[in-house]
Each structure stands twice: as structure tokens, then as C-alpha cells.
Amino acid sequence: MSTSERRGRETATIETAQTGIADGRGMAPASASPAEMAQAAQEKAQVREVIEQKAGGGVSLVAEGVNAWYGSTHAIKDVSMTFRANEVTALIGPSGCGKSTFLRCLNRMHEVLAGARVEGKILIDGQDIYGKGVDSVRVRRHIGMVFQKPNPFPMMSIYDNVIAGLKLNGIRKRKSEMDETVEHSLRGAALWNEVKDKLKESGASLSGGQQQRLCIARTIAVEPEVVLMDEPCSALDPISTYKIEELIGELKQKYTIAIVTHNMQQASRVADWTSFMLAGDAGYGQLVEYGRTEQIFTQPQDKRTEDYITGRFG
Amino acid sequence: MAVQTARRAEKLPGGRVNLAGRGSALGDRAFQGIAFAFAASILVLIVTIFVVLFVDARVALAQEGLRFITGQVWNPNESIFGALPYIYGTIFTSLIGLLIATPIAVGASLYIVEYAPNWLRAPISFIVELLAVIPSVIYGFWGLAVLAPFLRDRVERPLKAALGDVPVLNALVEGPARGRDMFVAGVILSIMILPTIMSVAREVISTVPGTQREGMLALGATKWEMIKGAVLPYARGGIVGAAILGLGRAIGETMAVTMLIGNSSTKISWSLLTPGYTMASAIANQFADANSAVHFSAIIGVAVVLLFVTGAVNLVARLIVSRFGGDTRATGI
């Protein structure tokens with residue numbers, strides 16, 4: 001297959017994916033000026049260019065019988081599910097159902113909290129991240145995470161925020177390579193045009209939505225295979241939310257994405273797969289249903305899923 | 001107020017709510033007056049201290065003028081009072097104390113906040129804070145009995161042997177090692193200011209948001225990289241403030257320093273082994289022996305300078321701590 005053929009095929013895939021997302025969305029900013037639209041189009045092209053360089057880079061993540069505790073509190077029980085490569089999987093459910101806890105188990109962030117414990121297997125590329133001799137630090141380099149509240153490092157410049165992960169573990173790159181990575185990652189996070197003239201300014205000087213995209217840039221700068229997002233839009237306004245959702249649609253070409261969200265419309269807009277979790281009377285969260293997003297939202301198999309998505313509780 | 005309203009909310013005949021009345025306005029006003037008097041008395045006290053110090057220092061300050069703080073000769077017999085050696089001794093010993101105490105305080109704070117198991121945190125903090133309640137004179141005695149001989153034999157003499165022939169650095173170890181000098185005073189100061197620096201540093205480090213730590217860990221940072229990359233930069237301002245607060249304490253410390261610093265040389269020297277003075281130790285030493293009005297006045301003059309320096313240092317420290325204390329820091333959201 002020639003390069004141009006391959007590029008053509010990938011572009012087609014991306015466009016199909018995009019149309020799908022755009023259809024389900026229906027919340028594009030209403031009043032955009034021609035200049036803004038032109039810039040948006042340019043930005044989209046840039047994101048695509050970045051993505052195309054490593055399309056299909058994600059790997060699947062398989063959770064088998066995951067249990068998690070906070071001290072003696074059993075938070076989630078026997079959750080098994082698959083996050084398919086280069087697809088977006090949404091975790092939905094009412095507060096306290098353990099969806100964020102489960103997400104944090106996926107890159108060994110749960111155990112960072114005092115007294116927190118995990119049992120079960122999580123396989124990336126066939127290897128158990130909780131296996132013997134596995135270094136949690138290495139795991140997190142392959143499975144990145146974007147948090148609920150944008151958390152750029154306020155004492156670092158925008159530039160340094162992006163390369164913060166690259167400076168770790170003795171990775172030494174030349175200045176020119178660093179510059180390249182910064183531009184590449186910021187373009188990939190659809191932030192380059194807004195910040196390219198102020199890379200030396202503090203990361204805290206940006207708006208909330210820009211900060212969250214900076215955090216996405218920081219995450220993809222270390223080139224993980226999987227990106228976990230814990231309610232990434234819950235602290236953002238609708239326009240910023242729209243931008244991030246659009247970005248998720250692009251990023252999945254390169255990464256496997258798992259996203260926790262409280263917002264069911266968001267799940268239906270961005271996710272290929274959706275899983276519904278619920279904490280029963282026993283207090284621990286369990287997986288109720290998992291399937292294609294359309295199926296979960298149009299023909300839920302479980303009564304509890306139906307009750308939740310139709311707004312009967314939660 | 002709520003209680004009062006509830007108590008008085010009886011119904012009038014006809015069912016209307018009764019809100020009329022003067023409450024206990026008289027008692028309220030009396031208490032307000034008393035509280036004000038207490039608060040004002042503190043202000044009066046401070047003003048009185050300043051006024052008395054200035055009045056008493058006037059004779060010497062008028063005689064010496066600016067030379068009082070730039071002059072290097074302090075000779076009561078010839079009525080020459082240049083306090084620079086004392087000012088220098090204060091700064092030199094305080095900086096030694098600060099240089100030793102700050103890294104220890106920050107390291108210990110990091111251990112308590114980031115590494116120590118929960119059950120160990122409170123005991124360590126308690127023990128460190130215990131250092132703050134030990135009276136100064138006890139530090140002085142312990143310093144004379146234990147610290148000074150130890151430092152003289154195990155630190156000063158080896159240091160002198162090692163640096164004695166090295167150009168430039170040999171200035172640090174000029175003179176005999178007697179164990180009564182700037183270095184010993186600096187070390188005792190470092191121990192005494194440790195709890196001050198540590199309690200603030202620990203507070204500042206523990207207010208670094210968990211999201212900052214997790215953000216760094218999620219990029220694949222080890223714990224140390226997380227501390228270096230996320231915790232320390234965020235806490236930097238507050239740690240500087242903590243150190244300056246410690247400096248303020250070191251500058252004013254009197255008893256233990258007076259017992260250990262030597263009090264015999266007014267030579268301004270880089271040597272750690274100088275048996276010098278600090279402002280506070282000079283006051284303590286000479287106060288009882290002042291036999292002329294000018295000498296007495298000059299000692300009070302040193303006190304005025306000391307008061308200004310500690311006041312300024314504390315003010316700066318508090319400004320920094322309150323600015324970078326953690327909770328007032330905007331993360332831009």
C-alpha cells in the first residue's frame with residue numbers, strides 16, 4: 001500500500017467517525033464568525049495531521065474481576081470489561097457507583113490514596129498491570145490520565161507543562177526535539193493557535209477549558225497508548241466542553257480512550273461503547289451493562305440501565 | 001443575636017409579633033468597651049517600648065550618628081560606639097543557623113507529609129514542636145556541656161585541618177578552635193529555629209493540592225519526581241517565608257547564643273571560629289556593667305537596631321507566608 005493510499009484510507013475513516021460524532025451532537029457554538037470558523041477548520045486540520053502520524057496507536061485494555069477498597073469499604077466488585085483499541089468507552093452511572101474508582105484502577109492511581117487496595121487483573125497488551133514485577137510508574141507512562149479539575153502546574157510555563165512528563169525518568173531530549181514535541185502535542189490538543197505566542201506564560205494564566213486542553217497536551221506528549229479521562233468537562237462551560245468532545249473524537253484515532261462522565265448526552269456523543277455502573281444495596285459498585293453506545297441508549301437490556309438513562313433515578 | 005430575637009419574640013395582644021425593645025444594648029456596649037481597652041493596651045505597650053528605647057538611646061545615637069551602625073570600633077572606655085561587629089555577628093550566626101535548619105526542616109516536613117505512615121505523623125510533629133518549648137537557657141547549658149565540645153573536636157578541628165591550607169577557604173577557619181564561637185552559636189540557633197521553620201513548612205507542603213500530586217504521578221513520575229516537580233515548586237514561596245520566619249527568631253535569640261558565642265572579639269571576620277558577639281548577646285553581656293550614661297544609651301541603641309531588624313524580617317516573612325500560604329493561591333480556575 002502506497003503512502004498516499006494509506007493516508008487516503010485513514011482520512012476517510014476519520015471523516016466517517018467525525019460525521020458520526022457531529023450528528024449525535026447538535027450543540028456546536030451557535031454564533032461563530034467566519035474568521036472563527038476558518039480558524040476552527042484550520043485547527044481541525046492540524047489535529048488531524050498530528051493524529052495521522054500515528055493512527056491506530058492505541059491498544060486494548062481488559063479488566064478482569066476488578067475489586068477495589070478504600071480501607072475496609074468495598075468500593076467496586078468484580079468489574080470485568082474491555083476497552084477496545086482506538087475506540088472511546090464511556091463509564092456512566094450515578095454518583096458513588098465507583099466509576100471514577102474503577103477508572104483510577106486502570107492506571108494504578110487508586111493505590112496512591114492511603115489505605116486503598118485493588119484486586120483483579122487489568123491487561124494492557126496482554127500484560128497484567130498488577131502483575132509481579134510491574135512498576136506502577138511504568139504503567140502510568142503507557143496509560144495517561146486527564147482529571148476532573150484541570151490541574152496544570154501553576155509554577156511552570158505552558159511550554160514546561162507540556163514537557164513535564166518528558167523530563168521525568170531521565171528522558172533527555174534536545175531542545176529542538178522538545179520544541180517539536182510541544183508544538184505537536186499542543187496542536188494535537190487543539191490549543192496551539194491560542195497559546196503559540198505565549199508559551200512562556202504560566203499554565204495557570206489560561207482559561208479553564210484551555211487548561212484542560214493543556215492537560216490533554218501534557219498527557220499525549222508522553223505518547224501513551226491509553227488515555228483515561230475522569231469527567232474531563234465537569235468544570236467547563238459548554239463551548240469548552242464542545243471543544244474537548246470534538247478533540248476526543250479525533251484523539252481516538254491514536255489512543256484508546258476511557259471516559260467517566262456524569263453527562264449521558266456526552267456519553268452518547270463521544271463514546272463507541274458505554275458501560276453502566278451502579279452501587280446496589282450492599283454499597284459496592286458493580287457493572288450492570290456494557291455494550292455499544294447506541295444499544296445502551298436505545299435498547300438497554302437491563303431494567304436498571306433503562307431507569308437510569310430515562311432519568312428515573314440518579 | 002438570634003437567641004435574643006427568639007427570646008423577645010412574644011406575641012402582642014392581637015397576635016402581632018413584638019420586635020420592640022432595646023435588647024441588652026447596655027451590657028453589649030460595656031463589653032465592647034472593655035474588649036477595646038484590652039486591645040488598645042497592647043498598642044500602648046508597644047508604643048511605650050519604642051518611645052522609651054528611643055529616648056534612652058538618644059544620647060548615644062546623637063553622639064555617633066550614622067557611625068553607630070557603620071562603625072567597627074566599640075570601646076566604652078573611650079566612648080566610641082560602632083555597633084557594626086554586633087550587627088555582623090547577628091547576621092552571620094543567623095545565616096549559619098538558617099543554612100543548617102532549612103534543609104533539615106524541609107526534608108523532615110516532606111517525610112511527615114509524603115512518606116510517614118499515618119500513625120507516625122503526629123508523634124514526629126509533636127517531638128519537633130517540643131523543641132520549641134525548651135527554655136533558651138537549657139539549650140545554652142546543653143550547648144556548653146555537650147554540643148560545644150563535640151563540635152570543637154569533631155567538626156571544627158577536622159575542618160581546620162582540611163581547609164587550613166586551602167587559599168580563600170582558609171579564611172573560614174582562621175584562629176584557634178575553642179568551641180565558643182560563631183559556628184557553635186549558629187548550630188545551636190539552627191536547632192532552636194527548627195520547629196518554627198518546620199511547622200510552617202509542613203503546613204505549606206500539606207496544602208499542596210492532591211490534584212497537583214496526582215497530575216505529576218499520572219505522567220509517570222516517581223514519588224521523588226512528584227515531590228521535585230509538583231510539590232516543592234508549588235510550596236516554594238511558603239517555604240521561603242518559613243525560613244525567613246526562622247531567621248527572625250534566630251536574630252532575636254539571646255540566652256543560648258550569649259552562653260556559646262564567646263563574647264570576646266569585635267573583629268569582623270569570615271572565620272567560623274571567631275569568638276564574637278551578636279546584638280542580643282552584646283546587650284545581655286554589657287547591660288549590667290554599663291557604668292557611663294553614654295554606654296548605657298549605646299546598649300539601648302543596639303536594642304533599637306535589633307528591634308527594627310527583627311520587626312522587618314518578621315513582617316517580610318509574614319507577607320510571604322500569607323501570599324504563598326497555599327489556600328490563597330489561585331490556580332487560575
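Heavy-atom basis, side chains included; hydrogens, waters and symmetry copies ignored. Every chain is numbered from 1, with letters handed out A, B, ... down the list of sequences.
The list of side chain to side chain donor-acceptor pair (under 3.5 Å) pairs with a residue in residues 90-113 of chain B, not counting sequence neighbours, is empty.
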Could you pull out every donor-acceptor pair under 3.5 Å between side chains of residues 188-200 of chain B and any protein atom, sequence neighbours left out?
| residue | atom | partner | partner atom | Å |
| --- | --- | --- | --- | --- |
| B:Ser190 | OG | B:Val187 | O | 2.6 |
| B:Ser199 | OG | B:Pro195 | O | 3.3 |
| B:Ser199 | OG | B:Thr196 | O | 3.3 |

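Proximity to chain B (any heavy atom under 4.5 Å) is restricted, for A:Leu113, to the side chain, taken from C-beta onward. Both the backbone and the side chain of A:Phe153 come within contact range of chain B, with heavy atoms under 4.5 Å apart. For A:Arg108, no part lies near chain B; criterion is any non-hydrogen pair under 4.5 Å.
Residues A:Ser185 and A:Arg218 bring no donor and acceptor atom of their side chains to less than 3.5 Å of each other.
Ion pair A:Glu194/A:Lys243 flagged as a salt bridge, since at least one NZ, NE, NH1 or NH2 atom sits closer than 4.0 Å to an Asp/Glu carboxylate oxygen.
Between chain A and the options B:Ala230, B:Gly215, B:Gly229, the largest number of non-hydrogen pairs under 4.5 Å is found for B:Gly215.
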